[in-house]
Amino acid sequence: MVKRTAAVHKGIPTTENPRQRPQVNTRTTGKVSGQPLKKLSSLEEWKSGREKAIGNPDWYIYDNTIRKLVSEINQHLSMSKNIEQYKPLDWKLIKAMIWTETGATSAAWKTKTMQIGNNKDDGILEVTVPARPRKYNIIVPRNWDKYLKNKGDMIKTNPEYNIRAGIALLMIKMSETEKDKTVYDNEKEFTYEVVRGDLGYSSIAKKIGTTQGVLTTLNGIKAIHPGDKLKYKQAHMEQYIPGWKLFTPQNIQIQYNGDPKRATASKPGDLNYADKFEYVYGLIVADENKK
């Protein structure tokens with residue numbers, strides 16, 4: 001890969017533009033020669049390090065993996081009849097998350113790339129022993145189970161497993177609460193005659209392969225007696241995802257890294273996460289546009 005320098009981006013502070021930054025100690029900055037040098041903040045140093053990552057092959061080793069996994073999740077969610085209002089996930093968002101979470105200079109770069117499985121982080125349980133199995137089963141492709149369910153050790157040590165777990169967790173967190181819907185197995189209408197022992201619509205629905213809601217819709221709400229004839233259609237209940245949170249830096253921070261307003265001493269999160277993410281995403285997009 002040809003080594004490139006970062007392009008100038010709208011919104012990047014002047015001190016972060018490599019073409020305008022004074023040629024002084026990289027850990028300090030000053031407007032003109034002779035003035036006292038000002039030490040960069042930790043956030044400014046972090047941003048400077050991400051600028052230098054552009055074009056460095058070490059930082060691009062997961063690009064193909066990210067593209068592959070994002071393509072798989074997009075195909076699954078776009079084709080699912082139980083997903084609504086889905087817009088394909090941008091693979092560069094995941095790359096930006098990885099560059100925010102770790103980066104090639106981090107010891108976790110080749111293990112917990114997306115930081116799934118850190119101590120005191122319960123996020124891994126969402127995908128290894130799903131705390132919300134209904135939502136997990138809707139969102140996560142079934143062929144991902146072998147990489148996620150009960151695979152905590154692999155997720156903590158294998159970067160591809162970790163990235164897969166990170167994508168799954170992000171999509172679970174960014175989706176709205178699942179809801180129930182009635183799915184008709186066919187449109188043919190049948191008639192059922194109530195017999196002694198039938199306790200109501202609920203018990204009858206289970207017996208004849210429909211739902212209580214269908215019986216109510218076709219027959220109204222009423223007391224039933226042996227000999228009554230009920231109209232019904234064969235149907236069942238399914239869960240679906242009605243919508244998604246916007247994939248903004250702030251929402252990604254809240255859902256994936258933690259809500260800054262709920263930070264605690266044991267789970268402080270990264271208060272600069274959204275700022276870092278937005279900055280590095282801009283660098284990645286500009287870099288891709290040059291190719």
Side-chain angles (χ1 to χ4, degrees), residues 11 66-102 112-118 120-142 144-145 147-148 155 162-181 238-264 267-285 288:
I66 300 168
R67 284 191 175 98
K68 179 188 75 170
L69 298 181
V70 169
S71 176
E72 289 178 10
I73 198 75
N74 278 337
Q75 182 178 24
H76 169 71
L77 296 175
S78 297
M79 296 179 65
S80 174
K81 66 182 185 300
N82 296 322
I83 298 292
E84 296 185 358
Q85 301 183 42
Y86 183 68
K87 295 181 180 180
L89 177 65
D90 179 3
W91 77 275
K92 295 184 291 295
L93 287 177
I94 303 302
K95 180 174 180 176
M97 288 178 68
I98 291 174
W99 281 31
T100 301
E101 292 286 341
T102 53
K112 294 193 289 285
T113 317
M114 290 190 74
Q115 296 291 276
I116 299 294
N118 282 345
K120 299 181 180 180
D121 178 12
D122 297 332
I124 192 171
L125 297 179
E126 292 273 8
V127 296
T128 56
V129 188
R132 292 176 282 184
R134 296 205 314 175
K135 178 175 276 195
Y136 173 97
N137 290 332
I138 297 171
I139 291 175
V140 180
R142 183 161 297 181
W144 281 30
D145 285 355
Y147 302 99
L148 300 177
I155 290 172
N162 200 265
I163 294 171
R164 198 185 298 266
I167 294 172
L169 178 62
L170 175 69
M171 303 313 288
I172 289 171
K173 293 283 193 179
M174 296 296 284
S175 60
E176 294 181 0
T177 301
E178 67 276 15
K179 295 183 178 179
D180 293 327
K181 68 177 178 179
E238 289 185 2
Q239 291 76 47
Y240 73 103
I241 300 299
W244 302 80
K245 300 176 180 67
L246 295 177
F247 282 73
T248 63
Q250 290 73 25
N251 282 344
I252 290 175
Q253 173 177 3
I254 291 170
Q255 298 302 323
Y256 192 84
N257 181 260
D259 188 342
K261 295 179 181 178
R262 299 182 179 180
T264 64
K267 294 183 179 180
D270 183 349
L271 298 180
N272 293 315
Y273 191 96
D275 189 357
K276 290 178 177 179
F277 174 87
E278 184 172 23
Y279 183 78
V280 78
Y281 179 72
L283 292 177
I284 291 169
V285 169
E288 285 296 311

Please check this pair: side chain of [X] against backbone of [Y], looking for a donor-acceptor N/O pair closer than 3.5 Å.
X      : Y      : answer
Glu176 : Ile241 : no
Asn74  : Pro88  : no
Thr100 : Ala96  : yes
Ser71  : Arg67  : no
Asp180 : Gln239 : no

Return the minimal non-hydrogen interatomic distance between [X] and [Y], and the atom names on each side.
X      : Y      : result
Ile66  : Trp91  : CG2-O, 3.5 Å
Tyr136 : Val127 : CE1-O, 3.8 Å
Leu170 : Phe247 : CD2-CE2, 4.1 Å
Leu148 : Arg164 : CD2-C, 4.2 Å
Asn162 : Gln115 : OD1-N, 3.4 Å
Ile138 : Tyr240 : CD1-N, 4.0 Å

Can you tell me if [X] has over 12 outside heavy atoms packed within less than 6.0 Å of its [atom1]?
X      : atom1 : result
Gln255 : CD    : yes
Lys179 : NZ    : no
Glu84  : CD    : yes
Lys87  : NZ    : no

message = Does Lys261 form a salt bridge (charged side-chain N to carboxylate O under 4.0 Å, His left out) with Asp259? I'd like the steps, not just the answer.
response = CA-CA 5 Å; Lys261 295 179 181 178; Asp259 188 342; over 6 Å; no

How long is the straight-line distance from [atom2] of [Y] back to [atom1] of [X], given to the nearest 0.5 Å?
X      : Y      : atom1 : atom2 : value
Ile172 : Glu178 : CD1   : CD    : 10.0 Å
Leu169 : Ile124 : CG    : CD1   : 10.0 Å
Ile155 : Met114 : CD1   : CE    : 12.0 Å
Ile252 : Lys245 : CD1   : NZ    : 12.0 Å
Leu89  : Glu72  : CG    : CD    : 12.5 Å
Leu93  : Ile98  : CG    : CD1   : 11.5 Å

ask   = Is Tyr281 close to Asp90 at the side-chain level, that is, under 4.5 Å between some pair of heavy atoms?
value =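 Side chain of Asp90 against side chain of Tyr281, heavy atoms only: contact under 4.5 Å found.
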
query = Between Trp144 and Ile167, is any pair of side-chain heavy atoms under 4.5 Å apart?
reply =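 Yes, close enough: below the 4.5 Å cut-off.
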
key: From CA spacing to verdict: side chain to side chain contact (heavy atoms under 4.5 Å, CB included), Thr264, Lys267   = CA-CA 5 Å; Thr264 64; Lys267 294 183 179 180; 3.6 Å; yes

Show me the donor-acceptor pairs, under 3.5 Å and distance only, between side chains in residues 268-277 and residues at least two apart or in other chains.
unit_1, atom_1, unit_2, atom_2, d
Asp270, OD1, Asn272, N, 2.9
Asp270, OD2, Lys276, NZ, 3.0
Tyr273, OH, Glu101, OE2, 2.9
Asp275, OD1, Lys47, NZ, 3.3

message = Apply side chain to side chain contact (heavy atoms under 4.5 Å, CB included) to residues Tyr86 and Met171 and explain how you reach the verdict.
response = CA-CA 11 Å; Tyr86 183 68; Met171 303 313 288; 3.7 Å; yes

task = Could you walk me through whether Trp244 and Leu77 pass side chain to side chain contact (heavy atoms under 4.5 Å, CB included), step by step?
result = CA-CA 12 Å; Trp244 302 80; Leu77 296 175; 4.0 Å; yes

ask   = Any ion pair linking Lys135 and Glu126 (charged N to carboxylate O, less than 4.0 Å)?
value =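 Result for this pair is no, no salt bridge flagged.
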
